[in-house]
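One structure is given below, encoded as structure tokens.
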Number of protein chains: 2
Amino acid sequence: MTEKKKLFKNRILKELYFGDTLSCADLCFKIDKSFPVTQKILEELVTENLVTDTGYAASTGGRRPLTYSLQKNVMYLVSVAMDQFVTKIAIMDMQNNFIFPIEKIVLPLTNNPEAVQVLIDKIANVIELSGIPKEKFIGIGIGMPGFVDVEKGINYSFLNLPDNKSITKHITAQIGLPVSIDNDSSLIALAELRFGAAKGDRNTMVINIGWGIGLGLILNGKLYRGHEGFAGEFSHIPIFLNGKLCWCGKAGCLETETSLLLIIEKAREGINAGRLSKLSSLPLHDPELACDAIIKAVKEGDQFAIELFSKAGYNIGKGVAILIHLLNPNKIILSGRGASAGQIWQAPIQQSLNEHCIHRLFQSTSIEISKLGIDAELIGAAALLMENYEQFKVSKN
Amino acid sequence: MTEKKKLFKNRILKELYFGDTLSCADLCFKIDKSFPVTQKILEELVTENLVTDTGYAASTGGRRPLTYSLQKNVMYLVSVAMDQFVTKIAIMDMQNNFIFPIEKIVLPLTNNPEAVQVLIDKIANVIELSGIPKEKFIGIGIGMPGFVDVEKGINYSFLNLPDNKSITKHITAQIGLPVSIDNDSSLIALAELRFGAAKGDRNTMVINIGWGIGLGLILNGKLYRGHEGFAGEFSHIPIFLNGKLCWCGKAGCLETETSLLLIIEKAREGINAGRLSKLSSLPLHDPELACDAIIKAVKEGDQFAIELFSKAGYNIGKGVAILIHLLNPNKIILSGRGASAGQIWQAPIQQSLNEHCIHRLFQSTSIEISKLGIDAELIGAAALLMENYEQFKVSKN
DNA sequence: AAAACTTCTTTAATAATTTAATAAGTTTCT
DNA sequence: AGAAACTTATTAAATTATTAAAGAAGTTTT
């Protein structure tokens, strides 16, 4: 098979992954090829058992199109989502299902030279235990915090290898599968773009409310990463004159006035000062549990918890106002762990925009809460791998 | 001639406009066509006298390539640059020359329902007086302040027509030439991207230091305009807690702490308060003259004038720090009227970045002063028209 | 219920691209 | 200095893709 045909095949597989069920005409449009070529390749993919036809779609006013989907149980991928403390590993199929319970390991990234090897061993272990033959895996997608150079496969903040060696190449060398990495906030944005609230959008900002405030930018319909891949450093834009020193070394960062860690901190202070709240029994040393508890209190209408989120939301709004002035997005999506607090974010952010934004500008920008939930990063890591899929070699031919 | 061939021809003409002198191989790459097709079209363009071959280029290690350029004196365009008070109109050729002295008319845009018609009449007049036959003009490019919808050809701030009618269509209907419009800051950025300091860059921000502080964004190698074309509203990002009311209705906008109008204002105050300076004879009611005078004083080393620019620069730096955090550009270009003050901007902005930016981020971002001068917007308006050129009809065939 | 209209699929004619061969010029090595 | 090796450009032939036209299947309108 020629190189070119391989590329076309991979592109079709990729489009079917993102599009689920598509007609031949849809695929023509997406891969920018003519009907005869597309159909011929599709036929080949069907005989190779990578694709199946899924019957006729409803008519849109004419002959009903024959539709195609990816064959089930023939291709899998490994999806990994890391934060500073915990790493989640999942095996996913081409229909975006987690086909085993998600593995969760404690893996601190700071001052941990072993981290990369631990990660590799664990991934190999998960593949091994799955019982799925390795040839059926097409690759590994990994999301991680820090400054990530996607092209080179290097993380400048964590998981460094000697001589700035590429992590992706390092892992590929050991496991024998293609690897793609990216920043966690970028992957959450990618998940929203491909499978979430930003589907079909061209200019959307995804705010990752987590231990910090991350930002993934979708500009002109594509994930924007910046000159060196460092775009979206929302957490540390200096917009407050509060004199609070941030761990980044500067003062007045957005992060010093809003983040889940700050909310937990303030909750603790409030309780210690005797504030009346359902939160009196806040778990002390586990941020995940503490966060869940406060969000639960919010949903139960606890006044103190709501107050904390409102203030944080108002401050996020100040940052969002700047985003809207600079980038004129059609939509802002609140995602990440904090998004599970739901509609509570809407009012304070809207209020903040009323105060800090030119009316004509935010008029056409909607604020939405993500529906992808806590596993958005895993979905994004899978999507990242599939975005790069067309460059991979087709295993068999 | 087929539609498709027309398109290819226009693309080649466009690439020759932007590339000046190119070989057939260069053009193959740029228009993404094979050698045989490209060469055939080139030959046709030469016989049509739109293109000439310009001899052999120096060898780069092999056979010397035959190069091509646009024929002189066969195509012209009208370029227009507007601000709130003054409109400049120029006739340009395909080699980016102003072939007549630039026309300058006083044309206030605020509360002026006649403005559009005055503009049209003046453009028609300029074409008439040039003595160049109208068939040789390929179109009109116009830059203007305000919120501009490029696709629809509407300016929501100025030059409105009844029922939000398209200005471009309106002008085309009267003059009979294709018209493209865009925001002034976007066009300055486009000029830098195509013919200035951002040539070849992919992620560059162009700051238009003028009566306000404009911003043109080049992201992923293209001018970024946002969801409705309103991106780059840098002047009004709320980052100061100064309580100063801006004309936009909000307080603390970037514009309230830095802009040429503010510098003029402060200069006036200082002089009235008896500050020692070469500026004691500041022209009172013409901002252009006043601005020129202060910039002249800066260049002569006047301490007071330098102080004013330094403070303004430091505050621009605060805004730039936010840009760098969010968009990780490879370069920031200072352009517009204020750029003529030159290197004076460098130190205070750099100082501000040191204080307000994460080191790892601004390390790889350079700050440059534009060399295009005060006519950047006219060059940008021409570039805008040529960017759209491939959609135009070839006049003769 | 038939005609007109859409949309998808197939086939044949047309157009573009790749590939291979050739020509023209540079550099490197002896 | 001169030949061999290497680049790059051009031409021609073979391959591949696209376009246009015709046919098939279904929906909507008259």
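Lettering of chains follows the sequences in order, A, B, ..., and the numbering in each one begins at 1.
- Checking side-chain atoms of A:Asn328 against main-chain N and O of B:Glu228 turns up a donor-acceptor pair under 3.5 Å.
- Neither side chain, A:Ser364 nor A:Asn330, offers a donor N or O lying under 3.5 Å from an acceptor on the other.
- A:Tyr76 and A:Phe137 have tilted rings, their planes meeting at an angle from 30° to 60° on a 0 to 90° scale.
- Among the nucleotides D:dA24, C:dA16, D:dT19, the one closest to the side chain of A:Ser34 is D:dT19.
- For the pair A:Arg64 and A:Asp32, both in contact range of DNA chain D, the more 5′-proximal nearest nucleotide belongs to A:Asp32.
- Across the protein-nucleic acid pair, B:Lys5 atom NZ and C:dT14 atom P stand 16 Å apart, rounded to whole Å.
- Look at OH on B:Tyr56: it is 12 Å from P on C:dT26, rounded to the nearest Å.
- Remark: C1' of C:dC8 and CD of A:Glu43 are 14 Å apart, rounded to the nearest angstrom.
- In terms of modelled atom types and a separation under 3.5 Å, the side chain of B:Ser79 and the main chain of B:Leu378 share a donor-acceptor contact.
- In terms of phosphate contacts, A:Gln39 brings no side-chain nitrogen or oxygen within less than 4.0 Å of OP1 or OP2 of C:dT9.
- A donor-acceptor pair is defined here as one N or O able to donate and one able to accept, closer than 3.5 Å; such a pair exists between the side chain of A:Ser69 and the backbone of A:Asp20.
- With rounding to whole Å, B:Leu42 atom CG is found 14 Å from D:dA9 atom C1'.
- Remark: P of C:dA12 and CZ of A:Phe35 are 16 Å apart, rounded to the nearest angstrom.
- Side-chain N/O atoms of A:Lys33 include one lying less than 4.0 angstrom from OP1 or OP2 on D:dT18.
- Listed nucleotides C:dT9, D:dA12, D:dT19 differ in distance to B:Pro36; the shortest reach to its side chain belongs to D:dA12.
- Looking at heavy-atom distances under 4.0 Å, A:Phe8 makes contact with sugar-phosphate atoms alone, never a base.
- B:Lys6 places its NZ atom 17 Å from the P atom of C:dA15, with the value rounded to the nearest Å.
- When each of C:dT17, C:dC8, D:dA17 is scored by its nearest atom to the side-chain atoms of B:Val37, the top-ranked nucleotide is C:dT17.
- Here the C1' atom of nucleotide C:dA16 and the CG atom of B:Leu7 are 15 Å apart, to the nearest Å.
- Taking atom CG on A:Leu66 and atom P on C:dT7, their separation rounds to 18 Å, with Å as the unit.
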